[in-house]
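Worksheet: the structure to be examined is printed underneath.
Side-chain atoms are counted along with the backbone in the values below, which use heavy atoms only and exclude waters and symmetry mates.
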Amino acid sequence: LRIVQQLTKTSAPRLQLLFSGDASDKQALERMINAQNLTDGVAWWDASERMTRQAIAAADFLLRTTIEAPGHPMRLSGPNYGTLPIVPINGHGSDTIRELDIADHTGNGFLFKGADPEGLMAAIDRAMAFYQLPARVVNRQIHRIMTQSAITLDQYATANPYMTLY
């Protein structure tokens, strides 16, 4: 809750957050939004996979949880669209998402430790700082990430080693 408040009320530039999940998540989020008067900048997304992919493609960042299955298509699709994931180091994202390193032209997202708010905020701060860089630097990295992701994060390429195993 503290992070949502901080991101929507005090961050510069001010962020808008779009959440998605099951019915219990939606109810909890709606209670939080109403209790904290966060209606400007926070919304719930309850749409088809096709529409969700469009929303991911339109976003700059994709915050993923540790609850998802490894190789979850929504997590894998972010970098393909140039949407940079923010994922926990110890979650399922750490198998395919690497910390962005502009100097070495490596990585495709931003990692944080565990579920503590400070770690998450540090990853969000690094993500926001990335977009403050000159447009040519950002565009070069996004192009690299999209190109590499088309090869390495393809769901069939990801599943292929498992298919040969069985």
Side-chain angles (χ1 to χ4, degrees), residues 1-21 38 41-43 45 49-162:
L1 176 61
R2 188 174 82 225
I3 291 174
V4 172
Q5 290 172 321
Q6 184 176 352
L7 292 174
T8 59
K9 298 282 187 187
T10 62
S11 67
R14 199 172 135 274
L15 296 180
Q16 294 181 334
L17 304 174
L18 182 63
F19 289 88
S20 181
L38 299 173
V42 179
W45 185 258
E49 181 178 334
R50 182 175 159 260
M51 292 297 292
T52 299
R53 285 185 184 276
Q54 289 179 352
I56 290 171
D60 293 322
F61 308 112
L62 179 63
L63 176 62
R64 304 310 296 176
T65 67
T66 58
I67 308 168
E68 297 161 343
H72 188 279
M74 291 296 107
R75 176 177 50 82
L76 294 177
S77 67
N80 288 334
Y81 298 121
T83 304
L84 304 181
I86 300 173
V87 299
I89 289 173
N90 57 348
H92 295 304
S94 61
D95 59 347
T96 53
I97 307 303
R98 302 284 184 251
E99 184 71 25
L100 182 63
D101 185 333
I102 297 164
D104 288 338
H105 300 286
T106 59
N108 56 358
F110 303 92
L111 303 173
F112 64 94
K113 290 185 180 179
D116 71 277
E118 291 76 24
L120 174 57
M121 280 307 303
I124 291 171
D125 288 343
R126 291 192 312 277
M128 295 299 290
F130 170 71
Y131 271 97
Q132 301 302 311
L133 296 172
R136 64 177 170 67
V137 174
V138 172
N139 292 340
R140 185 179 313 128
Q141 292 298 317
I142 296 295
H143 181 266
R144 176 190 59 77
I145 290 166
M146 291 174 72
T147 302
Q148 290 175 347
S149 296
I151 299 165
T152 60
L153 296 183
D154 175 73
Q155 59 185 320
Y156 298 108
T158 304
N160 201 29
Y162 295 101

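Residues M128 and F61 have side chains in contact (heavy-atom distance under 4.5 Å, counting atoms from C-beta outward). Using a 4.5 Å heavy-atom threshold, the side chains of L111 and I97 count as touching.
Residues that satisfy the side chain to side chain contact (heavy atoms under 4.5 Å, CB included) test with T106, not counting sequence neighbours, are D101, D104. Residues passing the side-chain hydrogen bond (donor to acceptor under 3.5 Å, both in side chains) test with H105, sequence neighbours excluded: Q141. The side chain to side chain contact (heavy atoms under 4.5 Å, CB included) search around V137 returns I102, L133, P134, not counting sequence neighbours. Among residues two or more places apart in sequence or in another chain, the salt bridge (Lys or Arg N to Asp or Glu O under 4.0 Å) test is passed with R126 by E99. Taking the side chain to side chain contact (heavy atoms under 4.5 Å, CB included) definition, one finds that Q148 meets it with R144, sequence neighbours left out.
F112 approaches A123 most closely through the heavy-atom pair CB-CB, 3.8 Å. Of all heavy-atom pairs spanning G82 and I142, the tightest one is O-CD1, 3.7 Å. V138 approaches F130 most closely through the heavy-atom pair CG2-O, 3.2 Å.
The backbone N or O of P85 sits nowhere less than 3.5 Å from a side-chain atom of N108 that would complete a donor-acceptor pair. With hydrogens and angles ignored, the 3.5 Å screen pairs no side-chain donor or acceptor of T83 with any backbone N or O of L62.
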